2 protein chains.
Amino acid sequence: MVTVKEVARMANVSPATVSRVINSAHNVSPEIRERVQRVIKDMNYFPNHAARSLVRRQAGAIAVLLRNLHHPFFFNLIRGFEDSAAKSERSVIFCSLGQEQEYRDRYIQFLTNGISDAIILYGTLFTDRPIIEHLASVNFPFLLIENNFEDIRVNQLLVNNLEGAKNAVEHLIARGHRRIALFMGDPNKKVNLERFNGYTQVMQKYGFPIGQNDIKNIYSDYSAAYGAAREMMQLPPEARPTAVFAINDRIATQVIMGVQSLGFSVPEDLSVIGFDNQKLFDDGYSGPAITSIKQPLFEMGKDSITILTDILEGKVKTPFTKTYETQLIPGDTVDEPSRK
Amino acid sequence: MVTVKEVARMANVSPATVSRVINSAHNVSPEIRERVQRVIKDMNYFPNHAARSLVRRQAGAIAVLLRNLHHPFFFNLIRGFEDSAAKSERSVIFCSLGQEQEYRDRYIQFLTNGISDAIILYGTLFTDRPIIEHLASVNFPFLLIENNFEDIRVNQLLVNNLEGAKNAVEHLIARGHRRIALFMGDPNKKVNLERFNGYTQVMQKYGFPIGQNDIKNIYSDYSAAYGAAREMMQLPPEARPTAVFAINDRIATQVIMGVQSLGFSVPEDLSVIGFDNQKLFDDGYSGPAITSIKQPLFEMGKDSITILTDILEGKVKTPFTKTYETQLIPGDTVDEPSRK
DNA sequence: TTGAAAGCGCTAACAC
DNA sequence: GTGTTAGCGCTTTCAA
């Protein structure tokens, strides 16, 4: 391994001068600068980042932590990160945390101690609270996207899920639906609770009762939505909802596939509206484009790097919060209720 | 920032002892170990990885470098990486290199100088040659997946593209096709050349001439395949191929969409076989499941981490090469030629 | 403009 | 079993 020392010796200068050259300080005479640069090239020298981080007390990197890097839900979010990473001075590195707390903690600990200057965390788990609180207590810069902790004052990017869900339900009601089922997700996730509230608030506003079986609870096994949808469709037409609000598109695909498996079709026999505007599905879905509420994941990914950079440079006062609005993207899964 | 020194002082021991405790060396008395661990917890101490890497001369991390982390093609590859990352002692970090050479070099340089102990590179560009050669010359451990450099002796995971392409064309021929068009990709990529050769070899083996317009050259703009397919289908039935071998599934989707846009259907009017068995598409494709040649990306991702770990531990003799076989996955885009 | 020297936080070799 | 010491490769005072 070539070091500053060796370069210095070869170039007949001190290590300090070599350091000045590689950091393009201006107080180096042109002749020496050139000589050192030639030696650096000749010797194939590259500065060691561990050593540099150690003395500078900053690593020159920002880390992005997701639960699954491969998940198609993250498609646009990652595109956003990549987009601003390409413009950033700092290197951006990604990590898949998985769900196991031990690994999550290990990675966060790894990245926040000499590897990166700041981290971005998407979709924290409730069990992440201790480590988040630790980061806050030691003043390590971080940004949460769709944070789960209402009460901690942190830098965060949020989505107006409440309003988005309201729009979804209003959209169905405007098309004549009165009995609307909710396919609810894991209530341990704040986003789901917010969307849930949007649904109930609009239903109440119009005075439409929510039937006893009109809320289906789907946890992490989304395929349960398939069965629940089939069950629902086996009721006589007058005894079942005419529309479904799925808490996310991934559940919507299961609902639609379940409906179709019985020979029914969407939206003729059942309207379905989802959330996320996810376009890529790993469950083999190939049905109609889902009418959905889009959250601006690309922008959020993009913004998060620049915002965190500004935070690192003290250009923004913390804790920083920004809330993004959603947008209804019409697809082919919502129609008026059939008049059979 | 809490350091070993401070912990040592609080626990009334030397820094060396603290180091022994955090590295779970066995030559520490139980009482002292416990005392130190309590102090570590109380003070919220975490070891600094930059300092540790510096002195240990290893970073405890493996980096995976892809051009686009978001690309759905990488779905199973990333799943593979994640799968073995969860079992690995080392942290696994991911980076999106992009195409710009300056960024690619910067990232590789960053990661290979104190940040990670080894890197995995998928789909090197021809222009990556200098940096690859540099890594080889300084003996930095790395592994290439679908390497583009035939002549460099490096650790690599390869796919038998030649055989896969042959199987694809044989599959069409077995179903009665005689005139088979090739939608070729960028000839600067080795995989495409290999698949090209598979196509020509089989065609020659059977003595089926390749028509003058039967090879369509599609470069990075895959939507060109859409137009080329339309053009092809506008010929009279007897003057056009009955089947297409698309060099990858992403091009196959464009071909199919082009064919469909003219009111034709696949496979009735044209059979299409692809390569990659990619299931997620970001171009809005929602047609029939594409008959395709699968490369075992999940296994390759998974294996690459363990192989690289073995290389780091000297358990494997280098340069290491493994070639993966492909598998034909039947879909709904190949049929016998229509007898119109 | 340049060099000498100290030190970032940690580990490892060597004493004891 | 524990402490002392040196030093990983780099940057950054400070003095010249």
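Chain A is the first sequence line, chain B the second, and so forth, proteins listed ahead of strands; every chain is numbered from 1. Keep in mind that this is a model prediction, so the values were computed, not measured. Computation of the quantities below employed the complete heavy-atom set of this structure, encompassing side-chain atoms and omitting hydrogens, waters and symmetry-equivalent molecules.
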Enquirer: In whole angstrom, what separates A:Gln58's CD from C:dG9's C1'?
Expert: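 A:Gln58 atom CD is separated from C:dG9 atom C1' by 17 Å.
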Enquirer: Starting from C1' on C:dA4, measure out to NZ on A:Lys5 and report it in whole angstrom.
Expert: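 So the NZ-C1' distance, A:Lys5 to C:dA4, works out to 13 Å.
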Enquirer: Are A:Lys322 and A:Phe320 packed together at the side-chain level, in the sense that at least one heavy-atom pair is separated by less than 4.5 angstrom?
Expert: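 Yes, close enough: below the 4.5 Å cut-off.
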Enquirer: How close or far is atom P of C:dT2 from atom CD1 of A:Ile32, stated in whole angstroms?
Expert: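 After rounding, the gap between these two atoms is 4 Å.
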Enquirer: Mind checking side chain to side chain donor-acceptor pair (under 3.5 Å) for B:Arg35 and listing every partner two or more places apart, or none if nothing turns up?
Expert: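 With sequence neighbours excluded, B:Arg35 shows a side chain to side chain donor-acceptor pair (under 3.5 Å) to no residue whatsoever.
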Enquirer: Going by the rule side chain to side chain donor-acceptor pair (under 3.5 Å), which residues pair with A:Tyr324 if we only count those two or more places apart in sequence or in a different chain?
Expert: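 Side chain to side chain donor-acceptor pair (under 3.5 Å) list for A:Tyr324, sorted by chain: A:Asp303.
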Enquirer: What integer distance in Å separates B:Glu6:CD from C:dG9:C1'?
Expert: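 For the pair B:Glu6 CD and C:dG9 C1', the rounded distance is 11 Å.
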Enquirer: Other residues, nucleotides and ligands only: do more than 12 of their heavy atoms fall within 6.0 Å of NZ on B:Lys189?
Expert: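 Open: at most 12 neighbouring heavy atoms sit under 6.0 Å from NZ of B:Lys189.
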Enquirer: What pairs of donor and acceptor atoms, side-chain ones from residues 7-15 of chain B against any protein atom, are under 3.5 angstrom apart with sequence neighbours left out?
Expert:
unit_1  : atom_1 : unit_2  : atom_2 : d
B:Ser14 : OG     : B:Ala16 : N      : 3.4
B:Ser14 : OG     : B:Thr17 : N      : 3.3
B:Ser14 : OG     : B:Thr17 : OG1    : 3.3

Enquirer: Nearest-Å distance, CG (A:Asn113) to P (C:dG9)?
Expert: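 Taking atom P of C:dG9 as the reference, CG of A:Asn113 is at 12 Å.
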Enquirer: Mind checking ring-ring contact (aromatic ring centres under 6.0 Å, His included) for B:Phe298 and listing every partner two or more places apart, or none if nothing turns up?
Expert: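 None.
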Enquirer: Name every donor-acceptor pair, under 3.5 Å, that has one atom in a side chain of residues 88-97 of chain B and the other anywhere in the protein, sequence neighbours excluded.
Expert:
unit_1  : atom_1 : unit_2  : atom_2 : d
B:Ser88 : OG     : B:Arg90 : N      : 3.0
B:Ser88 : OG     : B:Arg90 : O      : 3.2
B:Ser96 : OG     : A:Glu82 : OE2    : 2.2
B:Ser96 : OG     : B:Leu69 : N      : 2.9

Enquirer: Starting at CZ of A:Arg9 and ending at C1' of C:dT2, how long is that distance when rounded to a whole Å?
Expert: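 These atoms are roughly 19 Å apart.
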Enquirer: Using the C1' atoms of five pairs at each end, what's the angle between the two axes of the helix from C:dT1-D:dA16 to C:dC16-D:dG1, to 10 degrees?
Expert: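 The end-segment axes of the helix from C:dT1-D:dA16 to C:dC16-D:dG1 are tilted 40° relative to each other.
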Enquirer: Would you kindly compare A:Thr17 and B:Ser29 by the position of their nearest DNA chain D nucleotide and give the one closer to the 5′ end?
Expert: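 Between the two, 5'-proximity favours B:Ser29.
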Enquirer: Taking side chain to side chain donor-acceptor pair (under 3.5 Å) as the definition, give me every residue that meets it alongside B:Asp42, ordered by chain and number, with sequence neighbours left out.
Expert: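 By the side chain to side chain donor-acceptor pair (under 3.5 Å) rule, B:Asp42 matches no residue at all.
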Enquirer: Between A:Arg57 (CZ) and C:dG7 (P), how many Å, whole number?
Expert: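 Distance check: A:Arg57 CZ to C:dG7 P gives 13 Å.
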Enquirer: What are the bounds, 5' to 3', of the part of DNA chain D that sits under 4.0 Å from heavy atoms of chain B?
Expert: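 Span of nucleotides near chain B: D:dG1 to D:dG9.
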Enquirer: Which atom pairs, one a donor and one an acceptor, fall under 3.5 Å between side chains of residues 110-120 of chain A and the rest of the protein, sequence neighbours left out?
Expert:
unit_1   : atom_1 : unit_2   : atom_2 : d
A:Thr112 : OG1    : A:Ile108 : O      : 2.6
A:Thr112 : OG1    : A:Gln109 : O      : 3.4
A:Asn113 : ND2    : A:Gln109 : O      : 2.8
A:Ser116 : OG     : A:Leu111 : O      : 2.7
A:Asp117 : OD1    : A:Ala59  : N      : 2.5
A:Asp117 : OD2    : A:Ala59  : N      : 3.4
A:Asp117 : OD2    : A:Gly60  : N      : 2.7
A:Asp117 : OD2    : A:Ala61  : N      : 3.4

Enquirer: If the sugar-phosphate is the primed atoms plus P, OP1 and OP2 and the base is the rest, what is the B/S/- string for nucleotides 11-16 of chain C, using protein heavy atoms under 4.0 Å?
Expert: BBB---
Enquirer: Which is true for A:Asn48 with a 4.0 Å heavy-atom rule: it touches a base, it touches only sugar-phosphate, or it touches nothing?
Expert: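 Sugar-phosphate: the residue A:Asn48, judged by heavy atoms under 4.0 Å, touches backbone atoms but no base.
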Enquirer: Enumerate donor-acceptor pairs with a distance under 3.5 Å from any side-chain N or O in residues 124-145 of chain A to protein atoms, sequence neighbours excluded.
Expert:
unit_1   : atom_1 : unit_2   : atom_2 : d
A:Thr124 : OG1    : A:Asn148 : N      : 3.4
A:Thr127 : OG1    : A:Gln101 : OE1    : 2.8
A:Asp128 : OD1    : A:Gln101 : NE2    : 3.0
A:Asp128 : OD1    : A:Arg104 : NE     : 2.9
A:Asp128 : OD2    : A:Arg104 : NE     : 3.3
A:Asp128 : OD2    : A:Arg104 : NH2    : 2.7
A:Asp128 : OD2    : A:Leu125 : N      : 2.7
A:Arg129 : NH1    : A:Glu133 : OE2    : 3.2
A:Arg129 : NH1    : A:Asp151 : OD2    : 3.4
A:Arg129 : NH2    : A:Asp151 : OD1    : 3.0
A:His134 : ND1    : B:Asn44  : OD1    : 3.3
A:Ser137 : OG     : A:His134 : O      : 2.7

Enquirer: For A:Lys315, give me all partners under side chain to side chain contact (heavy atoms under 4.5 Å, CB included), at least two apart in sequence or on another chain.
Expert: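 A:Lys315 satisfies side chain to side chain contact (heavy atoms under 4.5 Å, CB included) with A:Asp310, A:Glu313 only.
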